[in-house]
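Encoded as structure tokens, the structure appears first; notes follow it.
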Amino acid sequence: MENRIEHFLLSQKSARNGLTALMLTGIGALPLQALAAESAADDKPAPVQVIAPEVQPRTIKEADIDAEFFEVGGFAGLLSIDNFSTEPLIGVSAAFHATEDFFIQFNYGMAEAGLTSFEELSGSNVRLLSSSDRDFTYYDFLLGYNIFPGEIFFSDTLAFNSAFYLVGGVGNTEFGGENNFTTTFGTGFRVVLLDWLTVHVDFRDHMFKSDLIRESQLTHNIELSSGVTLFF
């Protein structure tokens, strides 16, 4: 009986000693864990500092187009009359802007043809046309399309609306005592200087069949002109 009691007491003492050793081991490991956590925190990369760029936005003065859809004005330039000479040209134009991209245009132009090469070589005795028949007048109705609308910059603070456009249509040409159905194709460039004022540069080909020089000849009459128009 006494041996059993001693054995029980010794077992309890051993258990207490084991528990004490385990606690001491855990307490001793706490500083090591703290050091490991501190070392891991030191290994993390420092946060990146974001630098906001100091960008000053530019103030641009841009010409706008009025809300009106009608445009009228005049133009002047040169007209190369097929089989004749290149002569000064003047005219008037009017346009209706149906949408932002499409517009309808009416043009009326006048020029006076000079001498043909045959007349110049033949002297003053040979004239194929009278003075009145040398008047070259045309009118046409064209459909236009703004193919490259954009802006043109004249300085860092000054910009103007602009557009390249294509035109095509039909009309009539009176020349040499004939009235000829005419087909016209061309292109142009427009710059909006003010909200009511624009400047145009146009290149066009007026094509019609003529019997003046030879029978049923398709003539190409090239126009290069510039004009000013007003919106209202």
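Side-chain contact between Thr187 and Val167 is absent, with no heavy-atom pair separated by less than 4.5 Å. Leu79 has its side chain within reach of Phe136: a pair of non-hydrogen atoms, C-beta onward, lies under 4.5 Å apart. Residues Asp205 and Phe185 are not in side-chain contact: their nearest non-hydrogen atoms beyond the backbone lie 4.5 Å or more apart. For the pair Glu223 and Leu78, the minimum side-chain heavy-atom distance is 4.5 Å or more. Counting heavy atoms from C-beta outward, Asn221 and Tyr138 have side chains that stay 4.5 Å or more apart. Residues Phe189 and Val191 are in side-chain contact: their nearest non-hydrogen atoms beyond the backbone lie under 4.5 Å apart. At a threshold of 4.5 Å between non-hydrogen side-chain atoms, the residues Phe231 and Asp195 do not count as touching.
Using a 4.5 Å cut-off between side-chain heavy atoms of Ile, Leu, Val, Met, Phe, Trp and Tyr, with links allowed through other members, Val72 and Phe70 fall into the same hydrophobic cluster. Residues Leu89 and Val92 are members of separate hydrophobic clusters, defined by side-chain heavy-atom contacts under 4.5 angstrom among Ile, Leu, Val, Met, Phe, Trp and Tyr. There is a path of hydrophobic side-chain contacts, each under 4.5 Å, that joins Phe148 to Phe160. Hydrophobic clustering of Ile, Leu, Val, Met, Phe, Trp and Tyr side chains at less than 4.5 Å, counting indirect connections, unites Phe106 with Met110. Phe208 and Leu142 are assigned to two separate hydrophobic clusters, defined by single-linkage of ILVMFWY side chains at heavy-atom distances under 4.5 Å.
The number of heavy atoms from other shown groups lying within 6.0 Å of CD (Glu87) is above 12.
Among Val192, Thr229, Leu193, the single residue meeting the side chain to side chain contact (heavy atoms under 4.5 Å, CB included) criterion with Val199 is Leu193.
One finds the NZ atom of Lys209 at 15.0 Å from the OG1 atom of Thr173 (value rounded to the nearest 0.5 Å). Considering CD1 of Ile152 and CZ of Arg190, their distance stands at 13.5 Å, rounded to 0.5 Å. In this structure, CG on Leu230 lies 7.5 Å from OG1 on Thr198, to the nearest 0.5 angstrom. Note that CD of Glu71 is 13.0 Å distant from CD1 of Ile104, once rounded to the nearest 0.5 Å. Considering CG of Asp140 and NE2 of His206, their distance stands at 6.0 Å, rounded to 0.5 Å.
In terms of heavy-atom proximity, Gly177 sits nearest to Asp133 at N-OD1, 3.8 Å. Heavy atoms only, all atoms of each residue included: Ala113 and Ser85 are closest at C-OG, 4.4 Å. Here the closest non-hydrogen pair linking Glu151 and Ala159 is OE1-CB, 4.4 Å. Nearest approach of Gly176 to Leu212, heavy atoms of both residues: O-CD2, 3.6 Å.
Between the Asn146 side chain and the Glu100 main chain, a donor and an acceptor come within less than 3.5 Å of each other. Side-chain N or O atoms of Ser210 include none that pairs as donor or acceptor with a backbone N or O of Gln217 at under 3.5 Å. A donor-acceptor pair is defined here as one N or O able to donate and one able to accept, closer than 3.5 Å; no such pair exists between the side chain of Thr184 and the backbone of Val170. Side-chain atoms of Asp211 come within 3.5 Å of backbone N or O of Ser216 as a donor-acceptor pair. Looking at Ser226, its side chain does come within 3.5 Å of a backbone N or O of His200 through a donor-acceptor pair. Between the side chain of Thr182 and the main chain of Asn180, a donor-acceptor pair closer than 3.5 Å is present.
Classification of the Phe102-Tyr145 ring pair by plane angle, with boundaries at 30° and 60°, yields tilted. Ring orientation note: the planes of Phe84 and Phe175 are nearly perpendicular, at an angle over 60° on the 30°/60° scale. In this structure, Phe103 and Tyr165 have perpendicular ring planes: the angle between them is above 60°, well past the 30° mark. In this pair, Phe69 and Phe96 present their aromatic rings perpendicular. The plane angle is above 60°, beyond the 30 to 60° band.
Annotation: side-chain hydrogen bond (donor to acceptor under 3.5 Å, both in side chains) contacts of Glu112 (sequence neighbours excluded): none. Not a single salt bridge (charged side-chain N to carboxylate O under 4.0 Å, His left out) links Asp82 to another residue, sequence neighbours left out.
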